[in-house]
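Heavy atoms only: backbone and side chains are in, while hydrogens, waters and symmetry mates are out.
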Amino acid sequence: MAATLCFGASAQTSSNAYSFLEIPTSAHAYALGGSGAAVIDDDATLVDQNPALLGPEIEKQVAFSYMLYMATSNFASARFAMGAGENSAWGIGIRYLNYGRMTGYDESGIQTGDFSPQDMVIEGTYSRDITARLRGGANFKVVYSNYEQYTAWALAVDLGINYYDDEKDLSFSAVLSNMGGQVKRFNNSYDRLPFDITLAYMQGIGGGPFSVAVTANNLTRWKLPYYEHSDESQTVETKQSFGSNLFRHLIFGLQYAPSEKFYIGLGYNYKTRTDMSTYHRNFLSGFSLGLGLRVKSFRLGVSYAMPHKSGSTLMINLATNLDELLN
């Protein structure tokens with residue numbers, strides 16, 4: 001696809017128990033700040049951004065994703081997708097998230113032993129062309145969490161549409177994600193899923209290789225205060241202003257894609273930067289960088305971010321078309 005200008009809008013209410021559902025499996029999306037709801041590319045890992053991005057052009061694709069998250073957590077996913085006739089496609093996938101070894105304590109502060117918190121998502125996706133330029137899709141998810149002796153199950157669905165004009169290189173998407181709820185709770189409290197409403201617009205810029213991306217999220221509430229740590233006074237202040245609220249809703253990205261076989265993406269997430277107070281962030285907090293390339297039947301994507309001064313994140317995608325690989 002030619003260079004694009006991208007605008008996205010999303011709204012969400014998140015629970016810490018299920019915030020992992022907001023982490024993309026696509027290195028392409030992560031490189032652009034974590035959002036790729038209107039990226040037009042035959043990449044099965046973009047399905048978690050918008051199920052309407054799945055189409056018969058993906059053919060028989062197997063995709064794997066791995067993320068080293070904040071230096072201690074390991075996330076992995078696998079997905080298979082293929083066309084179903086000329087106008088439909090389907091896919092299945094699994095995500096596994098392991099947060100490393102932790103030490104448990106009871107209410108008296110006595111150690112109860114080590115444990116490893118884990119989350120797993122099993123997904124099924126279906127999409128269909130409504131018209132020559134409009135496509136709809138749905139992604140159904142079964143979510144399982146295991147935190148020491150506590151377990152929980154949840155069901156969720158993502159619904160999305162995408163309008164794409166190939167001649168104008170224009171793409172517009174609308175997505176409702178993580179609609180659903182718990183069917184088995186950790187305890188007596190009910191944890192909500194991170195419901196999202198996302199609108200995304202992408203437009204080629206003059207037929208050149210560059211693209212610009214802007215995403216707006218957390219639109220269910222305008223005020224997004226954060227805490228700022230002062231090294232001098234050793235105090236924590238609540239920060240909130242019109243400017244900070246505005247920019248904490250926005251994610252910016254820049255992409256260079258001279259051909260369909262190569263791209264470089266750069267993203268900036270102001271909310272990530274401000275969530276990490278002055279005490280915990282460095283110059284790179286909020287920035288992400290990635291690249292992707294195709295070599296014969298293989299696709300490789302890599303992205304990197306350093307949200308915390310003592311923790312970095314690396315994501316790797318590898319995908320192949322089975323028909324091209326076996327022939």
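Taking the six-membered ring where the residue is Trp, Phe287 and Tyr268 present tilted rings, their angle falling between 30° and 60°.
The distance from the CZ atom of Phe247 to the CZ atom of Phe242 is 9.0 Å, given to the nearest 0.5 Å. Put simply, OG1 on Thr151 and OH on Tyr144 are 5.0 Å apart, with the number rounded to the nearest 0.5 Å. Between atom CG of residue Asn139 and atom NZ of residue Lys141 there is a gap of 6.0 Å, rounded to the nearest 0.5 Å. In this structure, CG in Asp42 is found 6.5 Å from CD1 in Ile58, a value given to the nearest 0.5 Å. Taking OH from Tyr30 and OG1 from Thr25, the interatomic distance works out to 13.0 Å, rounded to the nearest 0.5 Å. Here the CH2-CE distance, from Trp153 to Met120, works out to 5.5 Å after rounding to the nearest 0.5 Å.
Contact record, Thr274 with Tyr226: O-CD1, 3.5 Å, taken as the closest heavy-atom pair. A pairwise comparison of heavy atoms in Asn317 and Ala27 identifies OD1-N, 2.6 Å as the closest pair. Nearest heavy atom pair, residue Ala154 against residue Leu193, reads CB-CD2, 4.1 Å. Across Asn50 and Ile161, no two heavy atoms sit closer than the pair ND2-O, 3.4 Å. Of all heavy-atom pairs spanning Ser177 and Asp158, the tightest one is CA-OD1, 3.2 Å. The minimum heavy-atom distance linking Thr198 with Ala37 is given by the pair CG2-CB, 4.0 Å.
In this structure, the side chain of Gln61 engages the main chain of Ala44 through a donor-acceptor pair within 3.5 Å. A donor-acceptor contact shorter than 3.5 Å links the side chain of Ser288 to the backbone of Ala31. In terms of modelled atom types and a separation under 3.5 Å, the side chain of Asn269 and the main chain of Thr272 share a donor-acceptor contact. A donor-acceptor contact shorter than 3.5 Å links the side chain of Asn178 to the backbone of Pro194. A donor-acceptor pair under 3.5 Å is formed between the side chain of His249 and the backbone N or O of Asn217. For Asn162 (side chain) and Ala52 (main-chain N/O), no donor-acceptor pair under 3.5 Å exists by modelled atom type. Of the possible donor and acceptor atoms, one in the side chain of Asp165 sits under 3.5 Å from a partner among the backbone N and O of Glu167. Under a 3.5 Å cut-off, the side chain of Thr125 and the backbone N or O of Trp90 do not form any donor-acceptor pair. Remark: side-chain polar atoms of His28 are not paired, donor with acceptor, to backbone N or O of Leu46 under 3.5 angstrom.
Look at Glu57 and Arg135 and you find a salt bridge, because one of the NZ, NE, NH1 or NH2 atoms lies within 4.0 Å of a carboxylate O, short of that distance. Between Asp43 and Arg294, no side-chain nitrogen of the basic residue sits less than 4.0 Å from a carboxylate oxygen of the acidic one, so the salt-bridge criterion is not met.
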Practice problem: Report the C-alpha distance between Ile23 and Leu21 in whole Å, list the side-chain angles of each, state the deciding distance to 0.1 Å, and finish with yes or no for side chain to side chain contact (heavy atoms under 4.5 Å, CB included). | Solution: CA-CA 6 Å; Ile23 301 173; Leu21 291 171; over 6 Å; no
Self-check item: side chain to side chain contact (heavy atoms under 4.5 Å, CB included) assessment of Gln118 paired with Ser145
Solution: CA-CA 6 Å; Gln118 301 171 9; Ser145 298; over 6 Å; no
Quiz item: Given the rule in the side chain to side chain contact (heavy atoms under 4.5 Å, CB included) test, do Tyr69 and Tyr99 qualify, once you have shown the distances and angles that lead to the verdict?
Solution: CA-CA 9 Å; Tyr69 189 69; Tyr99 304 94; 5.9 Å; no
Quiz item: Going through the checks in order, is the ring pair (Phe, Tyr, Trp, His ring centres under 6.0 Å) test met by Tyr201 and Phe172?
Solution: CA-CA 4 Å; Tyr201 170 73; Phe172 177 82; 7.1 Å; no
Quiz prompt | Verdict with reasoning, Ile92 to Arg79, per side chain to side chain contact (heavy atoms under 4.5 Å, CB included) | solution = CA-CA 6 Å; Ile92 55 175; Arg79 192 179 299 274; over 6 Å; no
Quiz prompt | Derivation of the side-chain hydrogen bond (donor to acceptor under 3.5 Å, both in side chains) call for Asp119 and Tyr147 | solution = CA-CA 8 Å; Asp119 292 304; Tyr147 305 154; 2.7 Å; yes
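More than 12 heavy-atom neighbours from other residues, nucleotides or ligands sit within 6.0 angstrom of OH on Tyr190. Around NZ of Lys168, the count of heavy atoms belonging to other residues, nucleotides or ligands within 6.0 Å does not exceed 12. By the neighbour-count criterion of 12 heavy atoms within 6.0 Å, atom CD of Gln149 is densely surrounded, having more than that number from other residues, nucleotides or ligands.
A donor-acceptor contact closer than 3.5 angstrom is absent between the side chains of Arg299 and Thr320. In this structure, a donor-acceptor pair under 3.5 Å is present between the side chains of Asn74 and Tyr66. In this model, no donor atom of one side chain and acceptor atom of the other lie less than 3.5 Å apart for Asn98 and Ser73. A donor atom on one side chain and an acceptor atom on the other are not found under 3.5 Å apart for Asp41 and Tyr263. No hydrogens or angles considered: a donor-acceptor pair under 3.5 Å links the side chains of Tyr18 and Gln182. No side-chain donor-acceptor contact under 3.5 Å links Ser285 and Arg273. Using modelled atom types and a 3.5 Å distance limit, the side chains of Tyr163 and Ser171 yield no donor-acceptor pair. Glu59 and Asn321 are linked by a side-chain donor-acceptor pair at a separation below 3.5 angstrom, with hydrogens and angles left out of the test.
Remark: aromatic rings of Tyr256 and Phe210 are close, center separation under 6.0 Å.
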